[in-house]
Structures are given as C-alpha cells and as structure tokens.
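Proteins come first, then strands; the chains are lettered A, B, ... in the order of their sequence lines, and each starts at number 1.
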Protein chains: 2
Amino acid sequence: MRNFKVFMSYRGTDYHGFQRQNNAVTVQETVERCVGKVLNEKSEIFGCSRTDAGVHANRYCFSVYTNSSIATRNFVRGVNGELPKDISILSCEEAPSSFHARYSCTAKEYVYLIHNSESHNPFAQDLMLHYRRKFNAELVREAAYHFTGTHDFKSFCGANSQKIVTVRTICEFYVEVNGDRIKLLVKADGFLYNMIRIMVGTLLGVNEGQFSPSDIPLIIAAKDRTKAGRTAPAHGLYLNRISYSDRQT
Amino acid sequence: MRNFKVFMSYRGTDYHGFQRQNNAVTVQETVERCVGKVLNEKSEIFGCSRTDAGVHANRYCFSVYTNSSIATRNFVRGVNGELPKDISILSCEEAPSSFHARYSCTAKEYVYLIHNSESHNPFAQDLMLHYRRKFNAELVREAAYHFTGTHDFKSFCGANSQKIVTVRTICEFYVEVNGDRIKLLVKADGFLYNMIRIMVGTLLGVNEGQFSPSDIPLIIAAKDRTKAGRTAPAHGLYLNRISYSDRQT
C-alpha cells in the first residue's frame with residue numbers, strides 16, 4: 001500500500017467547505033471522485049483541515065492510500081484533467097504509511113484578504129472582503145499582537161464547535177497593508193471553529209472603535225463568545241500553508 | 001454643460017467588449033444605463049478605447065457630458081450602487097469641455113498576465129492565460145525589445161481592422177517573471193486591432209522555437225499578418241493605464 005501526500009489549491013466559492021456532506025457539494029467528494037477515477041479504485045482522501053463554505057485554499061494538503069502503481073507525476077496530470085477549474089492539484093509525493101494529512105500536521109497558516117476602498121474591486125468578488133472604512137493599520141497591529149502566544153480561545157470559538165480543549169498557540173499574526181489591499185496572516189498550532197473569522201471580525205471592531213487594543217486580553221480572559229466581535233465573512237479567508245514536523249511545505 | 005472624466009475597472013469576462021453592439025451585452029451600454037439613472041438624463045459615454053470581448057481593465061477612462069449638478073463624489077457612489085459587481089467606478093473629476101476620453105489620450109498601457117505552471121490556477125480562471133511550457137524570460141525579453149520604437153505594425157494587425165495608418169510607437173515592452181506569474185507590459189501611443197494579442201502570441205512562438213528574437217524585425221518589415229504568430233487569448237489582457245497630455249492618470 002502506497003501513501004500519497006498531495007497539495008492542491010481551490011477556490012471555495014462554489015463548495016460547502018472541504019468535508020463530505022450528505023446534501024451539499026464539497027471539495028472532498030469532488031476530489032475523491034476524480035482521484036478514484038485516476039487510481040481506478042474507491043479512494044478516501046484525508047484532508048488537513050475542515051474549511052468553511054466559501055473559504056479558499058492556496059496550499060491544502062490531503063493524503064490518500066492507494067494500491068495503484070501510477071507515477072506521482074501522472075497522478076497530478078490525470079487528476080487535474082478530471083477536476084473542475086476551481087480545484088487544482090499542485091504536487092504529489094510518496095509519504096510513509098504513518099503520514100496523515102490531518103494528524104501529522106504541526107502548524108497551519110491562514111491569510112485573510114481585504115479590499116480597502118470605497119469602490120468595489122471587480123476582480124476580487126468572492127475573493128476578498130470589501131471594507132470601505134479607513135483602516136488604521138497601527139491600531140489593528142497592536143490589537144493583533146495580543147492574540148499571539150498560548151491562550152484559551154473559547155471567546156473566539158463558534159457556537160457549533162464540539163472541541164473540548166480550546167487552548168491554542170498563535171505564533172504569528174501579521175497585518176500588512178499594500179495600497180488598497182490588506183493582508184492579515186495568522187499562524188498557529190491549530191484553530192477552533194470560526195476562530196480566525198471571529199478574530200478578524202474583532203480586529204475590524206477595534207478599527208471601528210468598538211474595542212481598544214487593550215480589550216483583547218480581557219475578551220480572551222472572559223472565555224465568552226459574546227464578548228468578542230462579529231464573525232468576518234468566509235470569502236476573504238485562505239488556508240495558506242501547512243507545516244509537517246520540522247519541515248514547512 | 002459639465003464634462004466628467006471618470007475612471008473605472010472591469011472584469012471583461014461577461015461582456016462583448018466595451019463598445020455598444022446591437023445583439024450583445026457590452027460594458028458601454030451597461031455603464032451608460034447606470035450613469036443615466038444617476039444623472040437622471042439620457043447619457044452617452046465616450047470610452048478611451050475599444051476592448052475585445054473578454055479583455056479586462058484596471059483603469060479605463062470614459063468621459064460624459066451632463067447637465068446634472070450632482071457632486072462628483074455622489075456620482076461615484078451612485079453609479080457604483082447601480083453597477084453589477086464586475087464593473088467599478090474608481091473616481092470622477094470635472095474636466096474642460098474639450099476633454100474627450102478617446103481623442104485626448106496620448107498613450108495607453110496594457111498588461112498581459114500568464115500563469116506559468118503545469119497545474120492550473122483556480123483563482124486565475126478567465127483572468128490569466130494558463131501556459132504550461134517552460135518560459136525563457138531572457139529570450140522573450142530580447143524579442144520584445146525589437147517591438148520598441150516607431151514601426152509599421154501591419155503584420156500585427158487583425159484582419160477585421162479598417163485602420164489605414166498602421167504606424168505606432170511602442171515606448172516600453174517589459175517582461176517580468178515572479179514565481180509562476182509572468183507579466184508582459186506594453187505602452188504605446190496607440191494600438192491596432194488585436195495588435196497586443198498578436199505580439200504576445202508571437203513572443204510565445206519565440207519561446208517555443210517557432211521564431212528567433214531576430215525574426216521580429218523581419219516579421220515587422222514583411223507587413224503581412226501571416227508572417228507573425230498566433231493571436232493570444234483575450235482573457236489575459238488588461239487595459240492598465242491611460243495617459244492624457246503630460247499627465248499620466
């Protein structure tokens with residue numbers, strides 16, 4: 001039995017997230033069908049992360065066991081030939097049988113993209129949050145810094161979560177502004193359900209005077225979802241990179 | 001009578017170019033309808049350039065005469081409120097009555113975007129040419145340099161053109177490579193029908209060994225469309241900037 005470690009990117013707009021569901025089209029079932037066709041067997045792929053409906057991925061990792069003898073390069077070509085245009089396989093390599101895209105993961109990096117202008121961006125529809133207000137990068141940066149470190153992020157966890165342990169470690173939280181484009185980048189050992197979208201919504205609340213940067217530690221300490229800000233829309237969010245062991249891929 | 005100088009961007013995918021047509025949806029009629037609604041009069045807009053079906057614009061200029069007393073800022077907001085998401089007004093300023101977006105134009109800059117990778121890019125669908133072959137930037141740069149200067153570009157003029165004077169001056173032709181993204185930037189006093197797309201197709205022919213860089217002057221000298229390369233697809237092309245008098249806007 002071989003184990004393939006596969007990277008792909010996808011535009012999440014037309015999918016109800018990654019994970020297979022009964023009554024909605026998801027990335028997992030779409031990819032599984034194409035992978036199974038190329039491997040000529042019934043395939044189950046293991047994704048590195050659930051993503052919400054509308055969330056995108058620049059470099060998503062999944063693993064899949066196979067009995068096929070196909071060359072990895074032909075696997076990439078074959079699956080890309082089957083996939084719709086909004087999903088693309090980037091690479092495939094052989095991994096040890098112990099490798100699992102979700103359980104072997106040591107860190108995840110997400111970016112949140114914002115188009116900051118009065119006018120909307122015809123090219124960013126479904127790909128960036130359109131935010132019209134003036135953006136105070138220094139203020140938001142100061143607030144974002146309070147998220148870094150190891151904290152109980154219960155206040156930033158969506159109501160539907162069944163996670164019992166809500167402690168996570170955020171090692172980076174950058175705020176970059178380039179003209180009318182704002183990029184928030186956050187890297188952690190893992191994230192709770194809706195955690196990034198609630199953090200981004202809270203940072204926008206800081207920008208709008210709803211909170212001050214020094215409120216962030218108090219919101220964290222409250223362990224109460226109602227103390228944090230709104231949940232930012234899904235369509236600005238991208239799974240950007242996944243780390244395995246010491247190696248970032 | 002006031003004269004508005006207006007900049008907009010649009011995603012050209014769902015339009016049959018800028019110019020009004022009888023049996024197809026174009027940018028001009030779409031914008032004219034929204035402008036007329038906001039100005040509360042029958043408006044005719046004058047565009048800086050025809051663009052082909054599927055071609056995009058980062059900063060397109062049009063002018064429009066009006067009897068309305070509306071503030072320019074409210075004009076921008078009002079028209080954006082009426083427009084579909086793939087067209088966006090960026091700015092509006094008052095111009096002298098002699099200003100005409102097409103006839104006052106002194107130079108135009110276009111970019112052509114290429115996604116250069118074996119795998120397709122889920123985010124660049126309809127926005128970049130997907131080009132799988134290895135790209136030799138030095139070779140293409142050498143060829144592109146031969147386009148600069150004042151030449152008769154008849155060999156690079158689509159068959160449907162009725163232009164009699166086919167001499168144009170190209171002042172810049174850059175080839176930039178950034179990872180898997182290639183950007184060709186060309187600036188001239190004007191372009192013939194399909195001229196950029198044929199130049200880009202010919203440069204890809206150079207990359208593929210169909211032509212050598214030193215063939216470019218011979219192709220230009222031939223004044224024969226059949227000597228040049230293929231016409232590159234429209235969806236990688238963007239009207240990027242327009243210059244008026246000494247001032248680039």
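- For B:A124, no part lies near chain A; criterion is any non-hydrogen pair under 4.5 Å.
- Between A:F123 and B:H56, the two ring planes are perpendicular [angle over 60°; tilted spans 30° to 60°].
- Most heavy-atom pairs under 4.5 Å with chain A: of the set B:I89, B:I87, B:N121, this distinction falls to B:I87.
- Atom CZ of A:R141 sits in a crowded spot, with more than 12 heavy atoms from other residues, nucleotides or ligands closer than 6.0 Å.
- Residue contact with chain B, scored on non-hydrogen atoms closer than 4.5 Å, involves the side chain of A:R73 exclusively.
- Listed for the A:H130 side chain is a donor-acceptor partner under 3.5 Å among the backbone atoms of A:S119.
- By the 6.0 Å and 45° rule, A:R59 stacks over the aromatic ring of A:F7.
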